Q: 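Structure incoming, see below.
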Number of protein chains: 2
Amino acid sequence: MELEKFFPYRLAVLAEQVSLATAQVYRERFSLSRDDWRVLAALADQGEVRAADVKDRTTLDKMQVSRALARLEAAGLVARAADPDDGRAWRVRLLPAGTALYRKIVPMVQAREDYLLSDLTPQELEVLAGAIDKVEARARQLTRQG
Amino acid sequence: MELEKFFPYRLAVLAEQVSLATAQVYRERFSLSRDDWRVLAALADQGEVRAADVKDRTTLDKMQVSRALARLEAAGLVARAADPDDGRAWRVRLLPAGTALYRKIVPMVQAREDYLLSDLTPQELEVLAGAIDKVEARARQLTRQG
DNA sequence: TATTGTTATACTCTATAACTATA
DNA sequence: TATAGTTATAGAGTATAACAATA
């Protein structure tokens with residue numbers, strides 16, 4: 001077996017590089033962690049949502065969401081209010097500063113995304129997107145079965 | 001921007017799932033870390049090599065290689081001997097137990113790899129492999145430039 | 001009794017650099 | 001002065017579960 005051709009290895013190396021390239025934007029320029037950034041993106045254009053909704057949109061668990069929200073709140077980007085329908089829950093929403101930050105970051109990360117994919121033809125892009133979905137479905141099956 | 005369609009996000013989620021599915025084999029059944037497994041694979045069929053060669057084959061840094069080698073040596077899978085050509089370096093090689101373990105793991109992870117990719121046609125596989133190379137090259141450019 | 005969200009804790013990983021020995 | 005490899009240390013990320021409040 002050649003490590004260089006082993007798909008899980010190739011994918012892990014690729015994902016790490018892409019993650020580094022993308023994180024340079026939100027981490028180094030705006031001091032957000034990956035989880036902060038994901039929660040910010042999940043809250044954008046959403047009005048008020050509950051922490052559980054953020055969880056469903058991000059593949060983060062409730063603890064990661066809770067901590068990211070606490071950091072974003074401390075940074076003045078997010079506000080939490082009691083949920084009138086459920087005393088255990090919170091209604092979370094982006095503050096204007098959060099929306100402004102999000103709108104500042106989006107074009108920067110999208111420019112990086114475009115650059116990352118710029119060597120691919122439209123057909124290749126389509127195959128890639130489909131492959132990601134198919135392989136992920138299989139991976140989840142394996143992980144579930146053990 | 002939709003997080004669900006943002007390529008770096010999709011890739012990160014995919015890579016995490018694939019990594020979990022693959023690690024179940026070497027971690028849960030054989031108690032190897034990801035770095036251990038990579039070093040084991042890099043040493044297989046190589047005879048004696050230096051730690052620096054392992055580093056070049058794995059994208060691990062010298063510290064990760066050093067620690068993985070120490071664990072593999074403690075587990076009786078790897079032997080280190082002084083390098084006659086360079087007193088600072090080591091010659092590392094798999095012991096029979098290491099080779100045996102490697103040969104036991106390979107078909108298991110390859111079966112998982114096959115299963116992960118089993119929904120893709122040969123053409124799609126080819127596009128995927130090419131896309132991984134192209135995107136990784138771009139990602140490295142971005143990371144280097146900052 | 002179950003669920004929402006927070007807190008605690010321990011563990012693993014990662015990043016940086018200091019350090020030893022040799023070149 | 002540079003290189004091979006080891007060790008130290010701190011920070012970040014991850015996983016598990018206990019917990020308070022409410023349903």
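Small disclaimer: the values here were computed from a predicted structure and weren't measured. Naming convention: chains lettered A, B, ... in sequence-line order (proteins, then strands); numbering from 1 in each chain.
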Q: Go through residues 62-74 of chain B and report each residue with a non-hydrogen atom lying under 4.0 Å from DNA chain D, sorted by number.
A: B/Lys62, B/Met63, B/Ser66, B/Arg67

Q: Main chain of B/Leu14, side chain of A/Glu136: is a donor-acceptor contact present, judged purely on distance under 3.5 Å?
A: no

Q: Salt bridge between B/Asp83 and B/Arg88, side-chain N to carboxylate O under 4.0 Å?
A: no

Q: Heavy atoms only: give me the nearest A/Asp119-A/Glu124 pair and the separation to one decimal.
A: O-OE1, 3.9 Å

Q: Do A/Val135 and B/Val18 have side chains that approach each other closer than 4.5 Å (heavy atoms only, starting at C-beta)?
A: yes

Q: Quick one, B/Leu32 and B/Leu101 - any side-chain contact, counting heavy atoms below 4.5 Å?
A: yes

Q: Please check this pair: side chain of B/Ser118 against backbone of B/Tyr115, looking for a donor-acceptor N/O pair closer than 3.5 Å.
A: yes

Q: Going 5' to 3' on DNA chain D, which nucleotide is the first and which the last to come under 4.0 Å of a heavy atom in chain A?
A: D/dG13 to D/dA23

Q: Taking C-beta and beyond as the side chain, do A/Met108 and A/Tyr26 meet within less than 4.5 Å on heavy atoms?
A: no

Q: Using atom types as modelled and distance alone, determine if a side-chain donor or acceptor of A/Gln141 lies under 3.5 Å from a backbone N or O of A/Arg138.
A: no

Q: Do B/Arg112 and B/Gln24 have side-chain atoms, one donor and one acceptor, less than 3.5 Å apart?
A: yes

Q: Got a salt bridge between B/Lys55 and B/Asp61, using NZ or NE/NH1/NH2 to carboxylate O under 4.0 Å?
A: no

Q: May I ask you to list the residues of residues 19-37 of chain A, by number, that have any heavy atom positioned under 4.0 Å from an atom of DNA chain D?
A: A/Arg27, A/Arg34

Q: Among all residues two or more places apart in sequence or in another chain, which pass the salt bridge (charged side-chain N to carboxylate O under 4.0 Å, His left out) test with A/Glu4?
A: none

Q: Which residue in the set A/Asp56, A/Val54, A/Leu94 passes side-chain contact (heavy atoms from CB on, under 4.5 Å) when paired with A/Val49?
A: A/Val54

Q: Can you measure B/Arg38 atom CZ to C/dT14 atom C1' for me and round it to whole angstrom units?
A: 13 Å

Q: Rounded to whole angstroms, how far apart are CG on B/Leu60 and C1' on C/dT14?
A: 12 Å

Q: Side-chain contact, heavy-atom cut-off 4.5 Å: B/Leu69 with B/Leu43?
A: yes

Q: If you take any heavy atom closer than 4.0 Å to DNA chain C, which residues from residues 40-54 of chain B end up in contact?
A: none

Q: Please work out which residues in residues 83-91 of chain A have a non-hydrogen atom less than 4.0 Å from an atom of DNA chain D and list them by number.
A: A/Asp86, A/Gly87, A/Arg88

Q: Any idea how B/Trp37 and A/Phe6 line up, ring-wise: parallel (<30°), tilted (30 to 60°), or perpendicular (>60°)?
A: perpendicular

Q: Answer yes if the side chains of A/Arg93 and A/Gln46 hold a donor-acceptor pair under 3.5 Å, and no otherwise.
A: no

